[in-house]
Amino acid sequence: LYSICPSQFLMALFCPIPLCFSFYSPGYQQQLAMRFAIDEINNSTALLPGITLGYEIHDTCNDELVTTKLAISFLSEDPSSSLAMQCNYANYKPRVVAVVGPNVSGLSMLVAQILDFLSIPEISAGSSSIKLSDKQLYPSFFRTIPSDQNQADAMVQLLNYFNWNWVAALVTDNEYGHQVLEVFVQLALSKDMCVAYEAIFPRGQDEIQRKQELVKIANQLEVSRINATVIFSHSGEAEELLQVVAGRGITGKVWIASECWSTSSAIALIPNLNKIGTVLGMAVESGEMPGFQEYIQKVLANTELDQKSPNVLEACPECSYLSLANFSKFFEVFNTYKAIYAIAHALHQLLNCSTTHKTCDADRDIYPWQLLEELPKVNFTIESQPVHFSKTGDPPAGYDLLFWDWILPNNHTFAVVGRYDASTHKLNINESKIRWSTENGKAPVSRCTQGCKPAQKRWLRGEHNCCYQCEDCPAGYFQDTNKPDECTPCSKNEWSTARSTTCQPRAVEYLEITDLIAIIMMALTVLVFAQMVAVTGIFATYRGTPAMRYVRGFPLQSILFSTTCFCVSFPFFVMKPTKEICKVRQPLFFGSFTLILATLLGKTLQSVGLDQILRRPWVRNHLMVLCIVVNAALQGLLCLFWYYWEPPVLEENTDIERTILLQCHDSKFPGFGILLAHDYCLAVICFACSLVGYNTEKKKDNVAAKSINFAMLLILIIWIIFVPTYSTTKGKFVALFQVFAGLASIFAIFGSYYYPVCYVMLFAPHLNTDNHFCLSQDLPVDKEPSARDSK
Ligand SMILES: *[C@@H]1O[C@H](CO)[C@@H](O)[C@H](O)[C@H]1NC(C)=O
Ligand SMILES: *[C@@H]1O[C@H](CO)[C@@H](O)[C@H](O)[C@H]1NC(C)=O
Ligand SMILES: *[C@@H]1O[C@H](CO)[C@@H](O)[C@H](O)[C@H]1NC(C)=O
Ligand SMILES: *[C@@H]1O[C@H](CO)[C@@H](O)[C@H](O)[C@H]1NC(C)=O
Ligand SMILES: *[C@@H]1O[C@H](CO)[C@@H](O)[C@H](O)[C@H]1NC(C)=O
Ligand SMILES: *[C@@H]1O[C@H](CO)[C@@H](O)[C@H](O)[C@H]1NC(C)=O
Ligand SMILES: *[C@@H]1O[C@H](CO)[C@@H](O)[C@H](O)[C@H]1NC(C)=O
Ligand SMILES: *[C@@H]1O[C@H](CO)[C@@H](O)[C@H](O)[C@H]1NC(C)=O
Ligand SMILES: CC(=O)N[C@H]1CO[C@H](CO)[C@@H](O)[C@@H]1O
């Protein structure tokens, strides 16, 4: 612990402070750096000209009691007295104006709280705890070492850079360790990393027990397959652990050193350490101090300089046996140097020093609270490194990323392979400078699960979100890069195969007149018209023959008219569907079909003589017309019921992959099913009646009955087949089934009834007799509404 006061050289210690028993050479080196800086400032004519700085140096012994006593003693006016009670301390001058140190965060907090009483600024070169950035708690604390927040951030960026997300964190058992672990875990979580193992270094005095604990830690690292371990600890603890690790022959892992041990030569010299894997470390950016080596040599050679003050020698008998080889370059030395200069610059301002006149207002009284106000305004560079303090008292210092390079087994260098910039908070790494100790020379892997391939979703297992299984996205889903954990369904108008990262637009499909099957269908329809023309032509030619009398008995015009309507409905099934077409086509289709069947039913009733049962002659005489009108009305009512309930609509069907099927949706219920059911009933009745005609002894017209019977049988079969086929098939051709069933029905009627008659007329004139057609003289034909039938 050093303190500075702008007065005379003070080194006398009056307070009975406990003696410290171990010598800490880096501490001694820091102390030399401080003296070197003060010497430079005293010599300088630019900084504090004519002003001589004095100092006290104390050993904290790494002990809270010692440190507390020291801090309290700084509050008094002179070393011999204690703190005087006063009402107002504004004009109170303690014997120090600023304190530099101590080196650990726990002690710094203690000191900062005590010094805060008189607003004495404290600058630490080695206390990196995040808590010290809290200006509410520690308003008079400053530091030249970056906060652990930055270090944890740099570490997480390093792990993230190499894709290591299955990591371990080992920390030392003190304020520093607990704090940094908390922050590190928090940052790691925010980057989706898993700190699979956390451990705190054992602290006991018993070395054997400590070794056992360390063996447990090393075991755990091996068992968990963790390949990247971050160690936030002092060099002593890291050394002990790495000795255990090297002794157990663990290889191929990555060890990441915190700033406390990243430049420890003692650790680098552990036998076989070069085999344990790769060591990377964060080192606080350090600078050169020209002339410091010579200064150390001069001091060491000229120990009389120190001997003048017997107390120093008393406290430090080892100092006499030190040489330059005992010192290594480490950042706290330079940070101490910076801290002294920061105070000097603040004093320079306070004393209104003029660089041009080389004078200062030396008589001015300086109070610590004035210095505390001045320190945040300090802004200068030293050896090209900027020195200023942020609002939280933190410096603009970053980190160097070090790589421990063993050129020869016993010769190591700490190569700088990257840099963490404190202002941008970015870690830049030059990977090509790192030589990995793995077999393939590539960075080792430390992931619980290797990443999923594109278009696979993660399926977490266990508590850690780094451990998961990968699952392909199914068809119809895709993986959104913003949501890697799930498969997103494609929109309605898109499709995708399994394992897709994008969806593709569906092709719009509908039945077109240019499809082959549609052309066939239209050809058949044309054929139907052709046969109607042919049949009509033949009948016209042979009118007056018995066969024609037979046919005349048949309501030819009604059949021709309804068949024409029937055929007109067919093209509506092969056009690009529209709302109107969907509404029109089914009523037209089934209405026409009903007319055909009703006509045939009327004919059947007449031909088998069932009309004779009817009592009223009017009804009997108009049976055909009544049959047609009643059925047409019934069909119309059913159709209205359907359209009222749920009319057919145009739908974009996406049941089939890759396409949008543009089709008419004839609702499931009641749908055209009721229309079809009505027609089917007609056909069944017609079939049954004609069957009666078969067996009647009094056959009047059983040739017609037989023909109709056969036609009805075919129609029943056709539509029986149609129902399951239609309801189980999907696709644009489904609608055509209905058309083909209709076409087949027409051919069945014409084939069964008209073709035999035509055949007789054309090729078998000898059969063209009344007898053959069973025509008797009292034919009911004459009683039929002949106006409709034959003209
Ligand atoms: C300070 O100046 C003295 C001579 O004036 C010189 O011997 C000494 O080396 C200087 N110290 C530093 C640190 O420059
Ligand atoms: C701080 O200094 C004490 C000696 O005063 C030493 O024992 C301890 O190891 C040092 N700690 C660090 C982190 O440098
Ligand atoms: C300094 O180094 C010498 C040899 O290099 C060694 O014997 C001595 O113990 C070291 N002194 C300290 C205090 O580390
Ligand atoms: C500082 O010094 C300058 C001259 O170098 C003088 O003009 C000025 O008044 C001084 N300021 C204070 C606050 O003493
Ligand atoms: C420090 O001074 C330099 C110019 O000398 C300036 O660019 C920089 O912004 C200053 N920094 C702060 C924190 O005031
Ligand atoms: C270690 O390597 C450096 C070069 O990197 C070389 O200058 C030095 O002599 C080597 N030391 C030993 C002991 O081999
Ligand atoms: C990285 O280091 C190599 C030498 O090891 C050097 O050639 C290269 O320029 C460096 N790249 C960057 C971006 O600094
Ligand atoms: C650690 O490295 C070993 C050997 O390279 C490898 O088999 C193992 O899967 C790695 N562990 C993890 C968690 O990636
Ligand atoms: C403490 C210290 O080193 N003081 C020195 C400051 O510089 C003057 C000369 O400029 C020396 O005489 C002091 O010993």
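All ligand and atom numbering here is 1-based and tracks the order in the structure. Here the structure is a predicted model, which means the values were calculated and not measured.
Pocket lining of ligand 8, defined as residues with a non-hydrogen atom under 4.0 Å away: W166, R225, N227, V445, S446, R447.
Taking every heavy atom of H234 and a limit of under 4.0 angstrom, the matching atoms of ligand 2 come to 13 (C). Interface atoms of ligand 7 facing S432, defined by a heavy-atom separation under 4.0 Å, are 1 (C), 2 (O), 3 (C). Shown in contact with T60 at under 4.0 Å from a heavy atom are these atoms of ligand 2, numbered in order with element: 5 (O). The V104 neighbourhood of ligand 2 comprises atoms 11 (N), 13 (C), with distances under 4.0 Å to a heavy atom of that residue. Listed by number with element, the atoms of ligand 2 under 4.0 angstrom from any heavy atom of D59 are 5 (O). Heavy-atom contacts of N430 reach the following atoms of ligand 7: 1 (C), 2 (O), 3 (C), 8 (C), 10 (C), 11 (N), 12 (C), 14 (O) (cutoff under 4.0 Å).
Inter-residue side-chain proximity for Y176 and V104 is flagged as unmet; no heavy-atom pair is nearer than 4.5 Å. Taking the side chain as every heavy atom from C-beta outward, M282 and L158 approach each other to under 4.5 Å.
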Inset, instruction - Evaluate the criterion side-chain contact (heavy atoms from CB on, under 4.5 Å) for residue pair F389 and R143; output intermediate values, then yes/no. - result: CA-CA 8 Å; F389 300 101; R143 57 182 155 196; 6.0 Å; no

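Under the 2.5 Å cut-off for SG-SG separation, C467 and C194 do not qualify: their sulfur atoms lie farther apart than that. Less than 2.5 angstrom separates the SG atom of C470 from that of C452.
Counting heavy atoms of neighbouring residues, nucleotides and ligands inside a 6.0 Å radius, atom CD of Q220 exceeds 12 of them.
Proximity of a side-chain donor or acceptor of S124 to a complementary backbone N or O of P102 within less than 3.5 Å is detected.
In terms of N/O distances under 3.5 Å, ligand 2 is approached by Y24. Note: no N/O pair closer than 3.5 Å links E332 and ligand 2 by distance alone.
Of the residues W404, F331, F201, the one that meets the ring pair (Phe, Tyr, Trp, His ring centres under 6.0 Å) test with W261 is W404.
In this pair, F162 and W436 present their aromatic rings perpendicular. The plane angle is above 60°, beyond the 30 to 60° band.
Stacking of K433 on the aromatic ring of F414 is not recorded, the 6.0 Å distance cut-off and the 45° axial limit not both being met.
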